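The block underneath contains the structure these notes are about, expressed in structure tokens.
The structure presented is a predicted model; accordingly, all values stated were derived computationally and were not measured.
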Amino acid sequence: MTFTFVTEKAGSTVIEQFPGHDVREATRNWYRNSETLPGRPLFDDDGANPVTGARNVWCRSGIDPKGIYYRVHIVATFVIHGVARPSH
């Protein structure tokens, strides 16, 4: 399964996708490979918190190694291969 990570940090937004069998595994992949260089979360050590009223959406926040606050929303994403893109 693919999970989309929408990270807000230092006035910018970065969107990345990582694989995982579940949100915990995808979050671990995000920690290891994200260009946002996330630090440890502010609360629990693993996984993410479900967003109330939404399905397959989680949120977490933390402080990166430089002391900068970040917030990330994680969305379980159905990826369609071969989608046509508009030409410019």
Between Asn33 and Phe18, is a side chain to side chain contact (heavy atoms under 4.5 Å, CB included) present by the stated rule, with each step listed? CA-CA 9 Å; Asn33 301 303; Phe18 293 96; 3.5 Å; yes
Could you please spell out the steps behind the side chain to side chain contact (heavy atoms under 4.5 Å, CB included) verdict for Lys9 and Asp64? CA-CA 9 Å; Lys9 178 178 159 183; Asp64 77 3; 2.7 Å; yes
Go through the steps for Ser61 and Tyr70 under the test side chain to side chain contact (heavy atoms under 4.5 Å, CB included), then give the verdict. CA-CA 6 Å; Ser61 58; Tyr70 68 85; 5.5 Å; no
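Considering CG of Asn56 and CE of Met1, their distance stands at 6.5 Å, rounded to 0.5 Å. Between Ile15 atom CD1 and His73 atom NE2 the span is 12.5 Å, to the nearest 0.5 Å. We find the CD-OG1 distance between Gln17 and Thr4 to be 3.5 Å, quoted to the nearest 0.5 Å.
When all heavy atoms of Pro19 and Asn29 are compared, the closest pair comes out as O-ND2, 2.6 Å. Pro38 approaches Ser34 most closely through the heavy-atom pair CD-CB, 3.8 Å. Across Phe3 and Thr77, no two heavy atoms sit closer than the pair C-OG1, 4.1 Å. Shown here for Ile68 and Ala10, the closest heavy-atom pair between the two residues is CG2-CB, 4.1 Å. The minimum heavy-atom distance between Trp30 and Glu16, with the atom names listed, is NE1-OE1, 3.5 Å.
Tested against Trp58 for a side-chain contact (heavy atoms from CB on, under 4.5 Å), the candidates Thr27, Val23, Asn49 yield a single pass: Val23.
By the 4.5 Å heavy-atom criterion applied to side chains, Arg71 and Thr7 are not counted as neighbours.
Put simply, Val72 and Tyr31 are part of the same group of oily side chains (I, L, V, M, F, W, Y) that touch within less than 4.5 Å, one to the next.
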